[in-house]
Amino acid sequence: MPFDWEADFYAATDWDRGAYVGGEDMPGHLETFIERVDVPDTVADVGCGPALVDFELAPRYPQTEFYGYDLAPSVVEANREHAAEAGLSNVHFAVDSLPDLAIDREFDLVYCMATLYFVDDVERALAELYDRVAPGGHLVFNYPNRHTRTWVREEAPAHKREAFERVARGENLLSYDAIEAVIGRRPRSYWTAVGARDETYATRRSPAVFVRKPAPA
Ligand SMILES: C[S@@+](CC[C@H](N)C(=O)[O-])C[C@H]1O[C@@H](n2cnc3c(N)ncnc32)[C@H](O)[C@@H]1O
């Protein structure tokens with residue numbers, strides 16, 4: 001049976017409001033990125049999970065609207081309740097899933113972290129994410145590559161192998177060249193851009209990148 005995020009994780013465990021890659025550092029990294037490029041009016045976090053980044057940044061950027069999307073209804077509902085309890089009116093959540101997003105609008109920043117590992121047809125998912133970026137905006141994401149695959153097959157703890165089965169089979173691996181072939185833009189390292197190059201999670205098996213969508217001339 002394929003890994004089911006709703007049944008096998010959110011409904012079955014006492015999950016924490018953390019971030020899967022980079023943990024507590026991730027809100028600060030996105031803040032660094034935002035300050036470097038431009039403060040966005042709108043952010044979409046696709047595969048948001050517990051949405052640590054959105055919950056940390058929403059109070060710091062009250063003029064920015066944060067939208068979290070995830071395929072697991074229970075984490076979406078828990079996030080809505082948390083936003084209401086925290087009195088945050090600029091964070092919103094909805095169920096949606098890659099590779100075919102139902103969201104029919106653009107955002108200044110589209111963020112997708114620790115999610116493409118679990119998605120079928122990663123090229124279509126990447127095209128969908130880029131399609132939701134407004135002209136002049138940015139897409140930030142991480143992805144599985146051939147080094148991630150080696151890690152899953154040779155080092156990953158047994159309990160993670162089921163969730164990473166597509167990576168183990170090599171079905172959804174990307175590279176800078178593959179990304180450029182899909183969206184027509186060469187990605188740049190997000191870890192470098194936010195000064196995280198030396199962090200333990202910024203390994204070659206966990207690349208994180210960004211691209212800017214050109215604004216019309
Ligand atoms: C490892 S968690 C990462 C959560 C968060 N982005 C982070 O960085 O911690 C992966 C999340 O992706 C969601 N997910 C898995 N497959 C997805 C898909 N096809 N479309 C949207 N979300 C998906 C899961 O429900 C889960 O919340």
Side-chain angles (χ1 to χ4, degrees), residues 3-34 40-62 64-120 122 125-126 128-134 137-144 163-164 172 190 194 201 206 208-210:
F3 187 81
D4 178 330
W5 276 92
E6 175 65 32
D8 299 334
F9 186 71
Y10 291 112
T13 68
D14 290 327
W15 51 272
D16 292 324
R17 199 168 296 288
Y20 184 80
V21 174
E24 299 288 322
D25 291 353
M26 295 308 265
H29 290 331
L30 192 58
E31 184 170 14
T32 299
F33 185 76
I34 283 173
D41 290 337
T42 53
V43 175
D45 183 356
V46 181
C48 63
L52 175 72
V53 166
D54 309 273
F55 281 117
E56 290 285 320
L57 295 193
R60 297 184 211 171
Y61 294 97
T64 300
E65 299 293 325
F66 292 82
Y67 296 85
Y69 300 98
D70 201 283
L71 62 61
S74 66
V75 77
V76 167
E77 189 51 37
N79 288 345
R80 284 181 178 151
E81 287 170 12
H82 187 66
E85 284 162 15
L88 290 169
S89 57
N90 62 329
V91 230
H92 319 275
F93 295 97
V95 173
D96 206 347
S97 62
L98 292 164
D100 291 311
L101 291 172
I103 323 162
D104 186 19
R105 52 165 297 181
E106 294 175 337
F107 303 86
D108 297 320
L109 174 64
V110 175
Y111 183 82
C112 181
M113 207 52 78
T115 298
L116 291 178
Y117 308 128
F118 314 111
V119 174
D120 284 325
V122 74
L126 178 56
E128 286 276 292
L129 290 168
Y130 189 65
D131 194 48
R132 299 310 184 280
V133 179
H138 291 84
L139 170 61
V140 174
F141 64 103
N142 83 334
Y143 61 89
F164 283 82
N172 59 353
Y190 179 68
V194 300
Y201 44 81
S206 193
V209 296
F210 72 96

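Everything numeric in this text was worked out from a predicted model, so none of it was measured. Values reported hereafter were calculated over all heavy atoms of this structure, with side chains retained and with hydrogens, waters and symmetry mates removed.
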### Task
Kindly say whether Asp41 contributes a backbone atom to a donor-acceptor pair with the side chain of Asp108 at under 3.5 angstrom?
yes
### Between Tyr190 and Phe33, ring centroids under 6.0 Å
yes
### Message
Out of the candidates Asp54, Leu109, Leu57, Val43, only one should pair with Thr64 under the side-chain contact (heavy atoms from CB on, under 4.5 Å) rule; please name it.
### Response
Val43
### Query
When Phe118 is tested against each of Phe3, Phe9, Phe164 for ring pair (Phe, Tyr, Trp, His ring centres under 6.0 Å), which residue passes?
Phe164
### Query
Just how far is it from atom CG of Asp45 to atom CZ of Phe66, taken to the nearest 0.5 Å?
9.5 Å
### Query
Do any N or O atoms from the side chain of Asp70 and from the backbone of Val76 form a donor-acceptor pair under 3.5 angstrom?
no
### Query
Do side-chain atoms of Asn142 reach the backbone of Ala114 as a donor and acceptor pair under 3.5 angstrom?
yes
#### Entry: Tyr20 side-chain N/O to Thr115 backbone N/O, donor-acceptor pair under 3.5 Å
no
### Summary
Taking every heavy atom of Pro27 against every heavy atom of Val53, the minimum-distance pair comes out as N-CG2, 3.8 Å
### Query
If only atom types and distance count, is the side chain of Asn90 paired as donor or acceptor with the main-chain N or O of Tyr61 below 3.5 Å?
yes
### Query
Between Asn79 and Gly49, is there a donor-acceptor pair closer than 3.5 Å when you use the side chain of the first and the backbone of the second?
yes
### Query
At what distance, to the nearest 0.5 angstrom, does CG of Asp96 lie from CD of Glu128?
9.0 Å
### Query
Out of curiosity, Tyr111 OH to Phe141 CZ, how far, rounded to the nearest 0.5 Å?
13.0 Å
### Query
Checking Arg132 side chain against Val110 main chain: does a donor-acceptor pair fall under 3.5 Å?
no
### Query
Side chain of Asn172, backbone of Tyr117: donor and acceptor closer than 3.5 Å?
yes
